[in-house]
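Lettering follows sequence order; numbering is per chain, from 1. Given the structure is predicted, the values throughout are model-derived calculations rather than measurements. Every heavy atom of this structure was used, including side-chain atoms; hydrogens, water molecules and symmetry mates were not.
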Protein chains: 2
Amino acid sequence: MITANYIQRVNDYCHQQKLKLTPNRAAVLAILHKQNAPLSAYDVLAELQQQQPKTKPPTVYRALEFLIQHHFIQHIESTSRYLVSQQQESFAPHPLLICTDCKSVTQMNLSSELKLELDHFAGQQGFSLHPQSYEFQGLCASCQPRQSA
Amino acid sequence: MITANYIQRVNDYCHQQKLKLTPNRAAVLAILHKQNAPLSAYDVLAELQQQQPKTKPPTVYRALEFLIQHHFIQHIESTSRYLVSQQQESFAPHPLLICTDCKSVTQMNLSSELKLELDHFAGQQGFSLHPQSYEFQGLCASCQPRQSA
DNA sequence: ACGACCAATGTTATAATGTAACGCTCAAAT
DNA sequence: ATTTGAGCGTTACATTATAACATTGGTCGT
């Protein structure tokens, strides 16, 4: 999806929900969408500074915080990167698969049965899970040891 | 379990496995075990410096790396803390529940069926999961909004 | 015993990530 | 018209982590 169209769509959604997609926030989201890859806050900062050289870290972090809170992006904890959420009908996070070797990230879909089971196990410890804010570590297809034939 | 006994047990295990639990590594593990709570690398450093004032960050990070690699401790990615793995029969990580409010952490047990299902979903994306290196975000019992009766 | 080797550690310096605190502005609410 | 509060600018700093190189100390082959 073209970034401009995507931003427009997010903008519409924000109007509906009475959220303010300010120019800063839109710019940060656009940068993440255009790259479509996990970026560090300072990667985003560097991009922003192309447009507005005086931008400082808190500006970026504040925008990221807003975008995370409303599920437009996800914070990848294990690599300190930020990624646009793959969107189906609505804006929501997805469980992430993190390759511990090459650090690549894939968004995963879990069945609703499986989500219920996870809720159940978490509930045994008194926890209520945020929907789909999970990270799983493993090895991606390219980083798995090859079979010797 | 008393820390001295625990360290002894780890030491025995390391001998069996031909791993070297050096004094540094043992000291770091003992600190984490004694506190039995998620500690930052610099918390550990401060403790170590009580015993050996000239200790520097790389010493701690190297010990942590060893301890993580062999599953004696886990790195909590979302809070940059380190925690002794709860041990059943063997040394292995556990899925973690992280409270996004108070940052408390609980180790969770999943059924083996559930683990298989997770492997299945990850496999659809070509991923092979490391056993139980998962983090789930949610709210712990104390941080959940109360029902108004 | 001797030296070659290698893993672990010591040491210096710095990189990368994230935040506290304060003040300004501007639009919305009263 | 004032008040209020969210968003942002700015300074300074805190926290987390690592690169790079020197040193030590034990193990192995000869």
Check the pair B/F72 / B/Y13 against ring pair (Phe, Tyr, Trp, His ring centres under 6.0 Å), numbers first and verdict last.
CA-CA 11 Å; B/F72 302 122; B/Y13 173 86; 5.7 Å; yes
Starting from P on D/dA20, measure out to OH on B/Y61 and report it in whole angstrom.
18 Å
Examine D/dA17: is either OP1 or OP2 under 4.0 Å from a nitrogen or oxygen in the side chain of B/Y82? Give yes or no.
yes
Measure from the side-chain heavy atoms of B/K54 and tell me the nearest of D/dT10, C/dT11, D/dT18.
C/dT11
Does a side chain donor of either B/S78 or B/E135 reach within less than 3.5 Å of an acceptor in the other side chain?
yes
Check this one for me: any side-chain N or O of A/H75 less than 4.0 Å away from OP1 or OP2 of C/dT17?
no
With the stacking rule set at 5.5 Å and 30°, tell me whether B/Y42 counts as stacking on D/dT15.
no
Can you find an N or O donor on one side and an acceptor on the other, under 3.5 Å apart, linking the side chain of A/R62 with the base of C/dG18?
no
Distance in angstrom units between A/K20 NZ and C/dA28 C1', rounded:
8 Å
Taking atom types as modelled, is there a side-chain donor on B/T3 or B/H33 under 3.5 Å from an acceptor on the other?
yes
NA contact type, B/T55, heavy-atom cut-off 4.0 Å: base, sugar-phosphate, or nothing?
nothing
In this structure, how many angstroms lie between the P atom of D/dG9 and the CG atom of A/N24, rounded?
5 Å
Rounded to whole Å, CZ of A/R81 lies from P of C/dA16 at a distance of 10 Å
Think B/S80 has a side-chain N or O under 4.0 angstrom from the OP1 or OP2 of D/dA17?
yes
Tell me whether A/K54 contacts the main-chain N or O of A/Q52 through its side chain, where contact means a donor paired with an acceptor under 3.5 Å.
no
N or O in side chain of A/T59 less than 4.0 angstrom from D/dC8 OP1/OP2
no
What's the CG-P distance between B/L64 and D/dT18, to the nearest Å?
10 Å
Under 4.0 Å between a side-chain N/O of B/T22 and OP1 or OP2 of C/dT9, yes or no?
yes
Using side-chain hydrogen bond (donor to acceptor under 3.5 Å, both in side chains) as the criterion, point out the one residue from A/R9, A/Q8, A/H15, A/Q16 that pairs with A/D12.
A/Q8
Grab the CD-C1' distance between B/E65 and D/dA19 for me, whole Å please.
13 Å
Atom CD1 of B/I68 and atom P of D/dT18: how far apart are they, to the nearest Å?
10 Å
How long is the line joining CG of A/L21 and C1' of D/dA6, in whole Å?
15 Å
Side-chain contact check for B/P57: nearest option of D/dT18, D/dT10, C/dA8 is D/dT18
